[in-house]
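Notes to accompany the following structure.
Every value quoted in this text rests on a predicted model; they were computed, and no experiment measured them. Convention: sequence-line order gives letters A, B, ...; per-chain numbering from 1.
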Protein chains: 2
Amino acid sequence: MTRLNKPTIKDVAKEAGVSIATVSRVLNNGIGYSIKTKQHVLKTIEEMGYSPNAIARGLINKQSNTIGVLFPEISGLVSAEILQGIEEAAHARGKSIVICNTASSGHKTKEYLKLLQEKQVDGILFASQLLTLEYVAIVRKMGVPVVTVSAYSEDPTIPAVQVDNETAAYDAICYFIQQGHTEIGMISGNPSDLLAGAPRMAGYKRALKEAGIAYVPTKVAWDKGFYFEDGQKAFQRLYTDHPNLTAIFSASDELAIGAMSAATAKGLRIPEDLSVIGFDGTKLAKMAVPPLTTVSQHFFSMGKTAANLLFDSIATGRASSGRIIRHELIKRHSVQMPSSTKTMD
Amino acid sequence: MTRLNKPTIKDVAKEAGVSIATVSRVLNNGIGYSIKTKQHVLKTIEEMGYSPNAIARGLINKQSNTIGVLFPEISGLVSAEILQGIEEAAHARGKSIVICNTASSGHKTKEYLKLLQEKQVDGILFASQLLTLEYVAIVRKMGVPVVTVSAYSEDPTIPAVQVDNETAAYDAICYFIQQGHTEIGMISGNPSDLLAGAPRMAGYKRALKEAGIAYVPTKVAWDKGFYFEDGQKAFQRLYTDHPNLTAIFSASDELAIGAMSAATAKGLRIPEDLSVIGFDGTKLAKMAVPPLTTVSQHFFSMGKTAANLLFDSIATGRASSGRIIRHELIKRHSVQMPSSTKTMD
DNA sequence: TTGAAAGCGTTACCAG
DNA sequence: CTGGTAACGCTTTCAA
């Protein structure tokens, strides 16, 4: 039976005929040994197939080079894009990330926070995940920096990376208005959602007000969340109450596509009979029929930015400030001027 | 300045007036102490807010309770669903997962493999990611188990969790044939893809052959990959060469939706003029207009199964065998009998 | 330029 | 039932 255990720094030292201190030095510090020793050590490392043990390193350095990322769900396009951004930033700095799917459950979240503490992660990212005061307290006790991506925090001092949701919604409505629409409905997420619910509705109201259009509460509908089915259901209600709507702004792309699907089923043509704007800018939007005009959030870049903020904070020991990531109205083919404008009568 | 450092097991021992061995025992073994000591120790742990250090534990136990998962991309629906399945299985066993986005790059993959080795992961999952002989060799040297999910391995001895792609495609085509179609085209992925390309094309051919329908090479088209745009482009070519096709089988949902979008743009109605079947069963399919009939792969369950196989392998030290996950034809509204059957003339 | 040794926070063995 | 202590693999003083 050959020696199955992987070689340690000790083995390398013995084999190379130097001390472990020397091996460690050529591995880490750029100094403290002769060029000749360096080459010799490097060669034996190569020959033995030695690989340093990050766990042992972590124990002594008191850092794991790992961050934890919490998501309420990971099987969606939004999460996936944010995650990809985070991953890119992490990899660029040689850090690794452990992902935690909390399923929006307080229990699972706290469980994960405990796990992350035991794993000695260097920092934590809350992605799309409500950061309650309770979580903040836990994380404070852990003593590691936190940042939030596309998430609402009950503690305003936590650095956040997000879009200006109010303005983004406002811009969408203004575009409708520019196109001549006045009968504008909205499919919202739950208004109790302080990140993606309430602010977008506020933007909708502000744009209407500035244009002198009366705000009619029943022109805003929502169901449970931000999903396709919610969009379908909300549209039914909207259409029943207000069949004369010429434009609908939806708080997510899925919501918008659900609405379009329900509208098509009712025989409405898009955009001829009904204009639609979505939100998020996921790849769903370009795949819709017709391609969906939407307010894009650049999730990839949000994830990347948030991760970098966190890494900076870890490195400097100072809390960073948040960032607003610019949104962008991507114009495709789901919006046109209302065909039955009064002047046509 | 209060004591900022987190308490260690030593601190707990001192505070509780016992030895660290005892504290360790109440933390790990269910035995070896009086009920009274246990309560006392637990109380001091609680009071001091002590949390065990998983890094130190890992060092001595020679395991990290962590697995590495490699994806060629993580911002897609398929990856996200697989990941969610893996996450669920991992969390259920108290393991954590570090994710690696290789971008299909051999360089990044090898870099990650090295990182995972240093992190002392207990096992590795290749998800949707080609497992080359070179990678197998590296992983063998690492001495940890590997399993593959929805991925092709050049080494057939590696446990794999996947769908029977040939049969799945075969079933889809048979369904077309049952509905009366004979002019059946296919939008394939790249045939050099040994997992999702070649086998699905083989299934297509077999079904045709069994039904006595001639296989016409130009009735199969593909572009670069499995994405929306590829579907659009491939459809153009298919339609130019064979405008009389009444049915198209696509090797992914995105491909199918791309084809539908291009077909709709040409004035074709679905399913009246053209029937379409997709592949994957992502949430995209149900959101299409009309809702897409598709061969579902149950990615969530594949991820979960693969992770569990890996954990078993880690625990027992024995390689497990792979699993075929049953596919399922989900019938929605993108397929109907060809309207212009010969008998109607 | 180099080596010896202390120590990071745990676990597990061996005495008592 | 309990305590002392070696060891896990590594980094980092401190001396030489």
Specify the closest pair of heavy atoms between B/S313 and B/S320, including all atoms of both residues, with the distance to one decimal. OG-N, 4.1 Å

[X] and [Y]: side chain donor to acceptor below 3.5 Å:
X	Y	value
B/Q297	B/S150	no
A/D155	A/T157	yes
A/T66	A/K119	no

Counting just side-chain N and O atoms, does [X] come under 4.0 Å of either OP1 or OP2 of [N]?
X	N	answer
A/R57	D/dC10	no
B/N61	C/dT11	no
A/K36	C/dT1	no
A/K62	C/dG9	yes
A/T22	C/dT1	no
A/S24	D/dT11	yes
B/T8	C/dC8	no
A/S19	C/dG3	yes

Side chain of [X] only, please: which of [options] is the nearest?
X	options	value
A/R25	C/dT1, C/dC8, C/dG3	C/dG3
A/A21	D/dC10, C/dG3, D/dT5	C/dG3
A/P52	D/dT2, D/dC10, C/dT10	D/dC10

When the distance from [atom1] of [X] to [atom2] of [N] is rounded to whole Å, what number comes out?
X	N	atom1	atom2	result
B/K6	C/dC8	NZ	C1'	14 Å
A/K119	C/dG9	NZ	P	18 Å
B/Q63	C/dT11	CD	C1'	12 Å
A/K14	D/dG9	NZ	C1'	14 Å
A/L59	D/dG9	CG	P	12 Å
B/Y33	C/dG16	OH	P	25 Å
B/I55	C/dG7	CD1	C1'	16 Å
B/N28	C/dA12	CG	P	7 Å

Just say parallel, tilted or perpendicular for the rings of B/Y112 and A/H91, cut-offs at 30° and 60°. tilted

Which sits closer to the 5' end of DNA chain C, B/K10 or B/N29, going by the nucleotide each is nearest to? B/K10

Return the 5'-most residue of the pair A/I35, A/I20 with respect to DNA chain C, ranking by each residue's nearest nucleotide. A/I35

Which comes earlier along DNA chain D counting from the 5' end, the contact point of B/I60 or that of A/I60, where each point is its nearest nucleotide? B/I60

Which side-chain N or O atoms in residues 48-56 of chain B pair as donor and acceptor under 3.5 Å with protein atoms at least two apart or in another chain?
residue: B/N53; atom: OD1; partner: B/I55; partner atom: N; Å: 2.7
residue: B/N53; atom: OD1; partner: B/A56; partner atom: N; Å: 3.1

